[in-house]
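Structure first, commentary second.
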Amino acid sequence: MEIAAKYLPAEIESKWYAYWMAHRFFHSEPDGREPYTIVIPPPNVTGVLHMGHMLNNTIQDVLVRRARMRGFNACWVPGTDHASIATEAKVVQKLKAEGIEKSDLTREEFLRHAWEWKEKHGGIILEQLKKLGASCDWDRTVFTMDPAMSESVIRVFVDLYNKGRIYRGVRMVNWDPQALTALSDEEVFYQETNGKLYYLRYKIEGSDDCVIVATTRPETILGDTGLCVHPDDPRYAALKGKRVIVPLVNRSVPVVFDDYIDIGFGTGALKVTPAHDVNDYMLGEKHGLEAIDIFNDNGTINDRAGIYAGMDRFDLRERIEIDLREAGLLEKTEDYTNKVGTSERTGAVIEPKLSMQWFLKMEELAQPALKAVMEDIIRLYPAKFKNTYRHWMENVKDWCVSRQLWWGQQIPAYYLPGGGCVVAETPAEALAMAREKSGNPALAMDDLRQDPDVLDTWFSSWLWPISVFDGIRHPNNEQIDYYYPTNDLVTAPEILFFWVARMIISGYEYRGEMPFRNVYLTGIVRDKLRRKMSKSLGNSPDPLDLIARYGADSVRLAMMLCSGAGNDLMFDESQIEQGRNFCNKIWNAFRLVKSWTVDESSAQSENNRIATAWFEALFNRTMAEAEADFTEYRISDALMKIYKLFWDEFSGWYLELVKPAYRQPIDRPTYDATIGFFDRLLRMLHPFMPFISEEIWHHVAERREGESIMTSPMPTAQRYDEKLLERFDLVREAITAIRNIRKEKNLPNRDAVELYVKPDGNFYPQYNPVLEKMANLSAVVEGRPAGLNAAFLIKSTEYFVPLGDGVNVEEELAKLRTELEYLQGFLASVMKKLGNERFVANAPSAVVQTERAKQADAEAKIKAAQERIETLSRL
RNA sequence: GGGAGUAUAGCUCAGCUGGUUCAGAGCAUCUGCCUUACAAGCAGAGGGUCCGGGGUUCGAAUCCCUGUGCUCCCACCA
């Protein structure tokens, strides 16, 4: 059969993915085996695959496939996140393009559009994961707004409310006066804006003196309820107990003292407008100042601002400036640039606005979660994130769980007509509670008003490892009992707090147990300029395009090769080329082996016997090293070792060693050993490169229908002959040295040369067949050649390659002398160390031993060099 | 402003409790080779003030102090 000289992934990938799906290899159900569970960090339901997903999901797939091959009942639960902010924004945008404003729709109408959008786009990202080769149990696909999920979320909210952990409180939100909605911090852009700093005069009550206050927003004086200065500021010491008059408004407000104030900024005096600035709000809380909200939701001024009512906020600023100037209350203005928050959606300038929000008390809940990580019950990889984690958990703030959106789980709080509210899982329960609470049995559902806000998206995803197994609603079901706690979580460090920490908290609160044992924190995928890859920058390649051009295995390999845990990944397409080249290498190694014919009668040659024994040992050593890497989640290191094992050792040395001459057959034992090695190598590679390994695995031996490399057992490290590996390395050194001589002396590779050896304890003649084949020797002769020669030393063994004419004796001598000089210097440094009594006394004996060995080694080499100089000089 | 991390070859990184795997790997570069599996390859080679400055020690890439650069998280300055 003709086999393509280059690996062509496209057909092979779709063929095998379909095969895996048809045989339900990804599916898991509880059984007698030990489970291995990963829950996917659910991607945004309306998102598309980006490079971060590629990295993240490749790692998960490597872990899952490896666990599956190691005999675990592996279960990787996929799903998507409703991502209320991002999805709602997209739906709003889409509707806008159709000429529909969100404000024109009822909540129900809007949600219908949103669900439609979700149905249309929600599956895309999961389909993309399949292209990558992800072995998720697709039968278990979950969406954070599935009825069961939402029910779990609501149940938890009610439970926490009943436990007294959820409360309502006031908080500043970013208000978009154009979209008439609150925005999350992520949706606010801070832009450098040229504005003015206004210096206003506040009259001190009962005096003609003034305090000058600098502000960028003079219009907010309408909401001023205080003036604040630093307690240690000598300029304002006299203001103790005084009140000042707000300009134009003529309101008398107290002067308060707080070390929040930056004495050096402006005049060191701050006007306090609790309703319109976050910091002012904090000051107001602290000092008991009233909050006067002067804005309507659309950014115009409300009735509390007296004569200015109805004006737009920017018109008001100009108007106020004029009025202040006329009243002589404006000291001066200065040009000033500051950062102004604007809406990502509408571009409107954000108005900080007070609003009622729902909060979850965190401090107590956080304790078990803090402890679990600090005591390594849950391990973070890399461990450096423990510090960051601790810092956050020790200073955890209450979690604002309400969002002013429609897409998400609506908060199950119902307000009574006469004030007060009830919190219940269902409207029916709420009604019953409301009737009881109000003492009005006639109360109807329509009399209750449900809180319009939805829950923060993280409030559903923090339950993810439990809720995907329905463990909130049915805490003792078979699934959760079997799969929980999960094993590994793979995610980005950016969401360590938002998501990981909170999952740990909910795990302890709702299962009394950690949600996962290990957290692998990936790096961030950046471009060559170290910029984070993002859609807005347009610097992210399309992952599907990369897969189409290079194959999924190449892309997976590229992601894995350069991504130690927690290290950012500087993405460059050349890395994928490296992956593709490796695929090609594997492919061609397979082509070579496939081309061999077997001679059943001939016995295994000595050369082949050594080769197979050597590779057997090397395979086991590498396997053991890779296993050790895996236990520490050093996945890139493990891959690099396997990569080198295949490319350098198997292809470069082993195959070259056993490769028969052109069109010559190979003996049966060697052929079988080679196929066996290939089989095991493919299985080692499979978690990283599932497609090509499956394809070739089906070619290297006869397989039955339904067999798959992904369900075959992962080889395990066996005991191996270390001595053999050490000795073989000496042979390889000799071969490299001979190749060097050939290159230096221009001895063509195809011309066989003789090798002379002065055998000693470090020379093993049984390996001569290897030497002969790999270095193309005509013979290995004991002793020293008569004429001119090139020599080298390996350990204590001297080797010589006889040379014809054309050797420059002077050049050789010069080279030897510099080498001798270096050796003598080296010996001197070793002797100095050994001559230091404190070193000999204090250093561990092993260290002293190695120094003595260095000494002996150097002395031997010096002796050999001197001898050669003598012989050469005589010529 | 508060906190954390990091600095090693041109690039991306290993280097664990100080001591022969102490200066490493992969990629890139350079030099030979179209050698019947693979030029997406083979064989070789070069490349470093381990960020600067102090200290501890017989001994420091490794531990301590300090300066500088970069990155991230949180809070964002009237």
Side-chain angles (χ1 to χ4, degrees), chain A residues 3 5-7 185 190 197-198 213-217 220 228 260-262 264-273 277-280 336 338-339 341 382 384-392 395 397 493-494 496-498 524 526 528 530 532 550 554 561-564 566-572 574-575 577-596 632 634 636-637 639-641 643-644 651-652 655-656 659 661-663 736 739-740 742-744 746 748-750 776 833 836-844 846-851 853-854 857:
Chain A
I3 305 164
K6 290 195 161 50
Y7 174 61
D185 292 344
Y190 286 91
L197 197 57
Y198 300 80
V213 175
T215 179
T216 52
R217 302 193 57 195
T220 62
C228 189
Y260 161 78
I261 297 299
D262 176 356
F265 188 90
T267 61
L270 173 74
K271 64 194 255 333
V272 185
T273 321
D277 184 280
V278 185
N279 295 302
D280 289 18
Y336 186 73
N338 67 341
K339 284 185 197 152
K384 68 180 178 190
F385 286 108
K386 266 170 87 173
N387 266 334
T388 329
Y389 181 88
R390 186 186 62 203
H391 185 256
W392 190 73
N395 300 288
K397 296 195 183 106
E494 320 164 271
L496 184 61
F497 307 138
F498 286 131
I524 296 165
R526 298 173 179 281
K528 275 186 281 190
R530 276 196 170 268
K532 204 162 153 176
Y550 293 96
S554 304
L561 271 174
C562 52
S563 63
N567 278 327
D568 286 0
L569 187 151
M570 249 47 69
F571 180 80
D572 186 87
S574 71
Q575 289 153 351
E577 283 175 24
Q578 190 185 352
R580 178 199 58 185
N581 294 354
F582 187 49
C583 288
N584 207 235
K585 188 73 195 175
I586 301 169
W587 186 251
N588 278 297
F590 154 67
R591 284 177 63 220
L592 173 67
V593 173
K594 202 67 193 166
S595 74
W596 291 342
E632 293 167 66
R634 302 165 61 114
S636 308
D637 289 353
L639 173 59
M640 183 46 71
K641 286 182 176 110
Y643 174 93
K644 285 198 270 190
S651 300
L655 289 180
E656 291 299 332
K659 181 161 84 177
Y662 184 55
R663 298 257 161 117
T736 302
R739 285 172 177 168
N740 260 327
R742 292 192 107 107
K743 182 154 183 154
E744 271 174 38
N746 273 323
N749 285 326
R750 52 187 168 276
N776 192 16
K833 227 181 206 183
N836 182 339
E837 271 173 46
R838 285 201 285 181
F839 170 73
V840 179
N842 292 327
V847 175
V848 180
Q849 285 297 320
T850 58
E851 289 301 315
K854 275 198 232 174
D857 190 55

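None of the values given here were measured: they were computed from a predicted structure. The sequence lines fix the lettering, A, B, ..., with proteins before strands; numbering per chain opens at 1. Only heavy atoms go into these numbers, but all of them, side chains included; no hydrogens, no water, no symmetry mates.
- With rounding to whole Å, A:Lys743 atom NZ is found 7 Å from B:A45 atom C1'.
- Contact annotation: A:Arg591 does not reach the phosphate of B:A37 (side-chain N/O to OP1 or OP2, under 4.0 Å).
- Regarding contacts with the backbone of B:C74, every side-chain N or O of A:Asn395 stays at 4.0 angstrom or more from both OP1 and OP2.
- Taking CG of A:Leu496 as the reference point, atom NZ of A:Lys386 lies at 13.0 Å (rounded to 0.5 Å).
- Following rounding to the nearest Å, A:Trp587 (CH2) and B:A39 (C1') show an atom-to-atom distance of 19 Å.
- Rounded to whole angstrom, the span from the CG atom of A:Asn581 across to the C1' atom of B:C27 amounts to 11 Å.
- Contacts of A:Lys271 with the nucleic acid, taken as non-hydrogen atoms under 4.0 Å apart, are absent.
- Taking the side chain of A:Tyr662 as heavy atoms from C-beta on, and the options B:G44, B:C58, B:U36, the nearest nucleotide is B:U36.
- A close approach under 4.0 Å does not occur between any side-chain nitrogen or oxygen of A:Ser636 and OP1 or OP2 of B:C13.
- Interatomic distance, OG of A:Ser554 versus CD of A:Gln575, reported as 12.5 Å (0.5 Å rounding).
- Shortest non-hydrogen contact noted between A:Phe839 and A:Glu851 is CZ-CG, 3.8 Å.
- Comparing A:His391 and A:Lys397, the nucleotide of RNA chain B nearest to each residue sits closer to the 5' end for A:His391.
- Taking side-chain N and O atoms only, A:Tyr389 has no distance below 4.0 Å to OP1 or OP2 of B:C72.
- The phosphate of B:G5 (OP1 or OP2) has a side-chain N or O of A:Asn387 nearer than 4.0 angstrom.
- Using the six-membered ring where Trp is involved, A:Trp587 and A:Tyr7 have ring planes that are tilted, between 30° and 60° apart.
- With hydrogens and angles ignored, no donor-acceptor pair under 3.5 angstrom links the side chain of A:Gln575 to the base of B:A28.
- Considering only side-chain N and O atoms, A:Arg739 lies under 4.0 angstrom from the phosphate OP1 or OP2 of B:G44.
- Nucleic acid contact class of A:Phe582 (heavy atoms, under 4.0 Å, all strands): none.
- In this structure, of B:A78, B:A37, B:C27, it is B:C27 that holds the atom nearest to the side chain of A:Gln578.
- A:Arg634 CZ to A:Leu639 CG: the interatomic distance, rounded to the nearest 0.5 Å, is 13.5 Å.
- Within the 4.0 Å cut-off from OP1 or OP2 of B:A45, at least one side-chain nitrogen or oxygen of A:Asn740 is found.
- In this structure, A:Arg634 reaches the B:G15 phosphate: one of its side-chain N or O atoms is under 4.0 Å from OP1 or OP2.
- Heavy-atom minimum distance, A:Ala214 versus A:Thr267: N-OG1, 4.1 Å.
- Residue-to-nucleotide proximity on RNA chain B shows that, of A:Glu632 and A:Tyr643, the 5′-proximal contact is made by A:Glu632.
- Residue contacts for A:Glu656: at a heavy-atom cut-off of 4.0 Å it reaches a base atom on one of the strands shown.
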For RNA chain B, what string of dots and brackets results from 5' to 3' when Watson-Crick and G-U pairs need both distances under 3.5 Å, crossing pairs get [ ], and pairs with another strand get |? (((((((..((((.....[....)))).(((((.......))))).....(((((..]....))))))))))))....
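- Straight-line distance between the C1' atoms of B:A45 and B:U6: roughly 33 Å, to the nearest whole Å.
- Against the 90° criterion about 0, the sugar-base torsion of B:U35 places it in the anti range.
- In this structure, A:Lys659 and A:Trp596 approach most closely via the heavy-atom pair CA-CZ2, 3.9 Å.
- Counting to the nearest Å, the P atom of B:C13 and the CG atom of A:Asp637 are 13 Å from each other.
- Rounded to whole Å, the distance from OH on A:Tyr7 to P on B:C38 is 19 Å.
- Taking atom CG of residue A:Leu270 and atom C1' of nucleotide B:A78, one finds them 5 Å apart after rounding to whole Å.
- Between the side chain of A:Asn584 and the backbone N or O of A:Arg580, no donor-acceptor pair lies under 3.5 Å.
- With C1' as the reference atom, B:A40 and B:G3 are 47 Å apart, rounded to whole Å.
- For the C1' atoms, the distance from B:U29 to B:C11 is 11 Å, rounded to whole Å.
- Rounded to whole Å, the P atom of B:A23 lies 35 Å from the corresponding atom of B:A4.
- At a threshold of 4.0 angstrom between heavy atoms, the contacts of A:Thr216 are confined to the sugar-phosphate backbone, with no base atom among them.
- Contact of the A:Asp277 side chain with the A:Arg217 side chain is not registered, since no non-hydrogen atoms from C-beta on lie closer than 4.5 Å.
- Going from atom CZ of A:Arg739 over to atom CZ of A:Arg742 covers 9.5 Å, rounded to the nearest 0.5 Å.
- Base contact: A:Ser651 has a heavy atom under 4.0 Å from a base atom.
- Side-chain atoms of A:Lys384 lie closest to B:U6 of the nucleotides B:U6, B:A40, B:A78.
- A distance of about 16 Å separates the P atoms of B:G26 and B:A14, rounded to the whole Å.
- You'll find that the side chain of A:Lys659 is closest to B:A37, out of B:A37, B:G26, B:A40.
- B:G54 sits 46 Å from B:A43 when the P atoms are compared, rounded to a whole Å.
- For A:Lys585 and B:C42, the shortest distance from a side-chain N or O to OP1 or OP2 is below 4.0 Å.
- Residue A:Asn588 places its side chain closer to B:C38 than to any other of B:C58, B:U36, B:C38.
- The CH2-C1' distance, from A:Trp392 to B:A75, rounds to 15 Å in whole Å.
- Rounded to whole Å, the separation between the P atoms of B:C64 and B:G47 comes to 33 Å.
- Within the 4.5 Å cutoff, side-chain heavy atoms of A:Thr220 are placed close to those of A:Lys271.
- Here the C1' atom of nucleotide B:A4 and the NZ atom of A:Lys386 are 15 Å apart, to the nearest Å.
- Atom name C1', nucleotides B:C73 and B:U17: the rounded distance is 30 Å, in whole Å.
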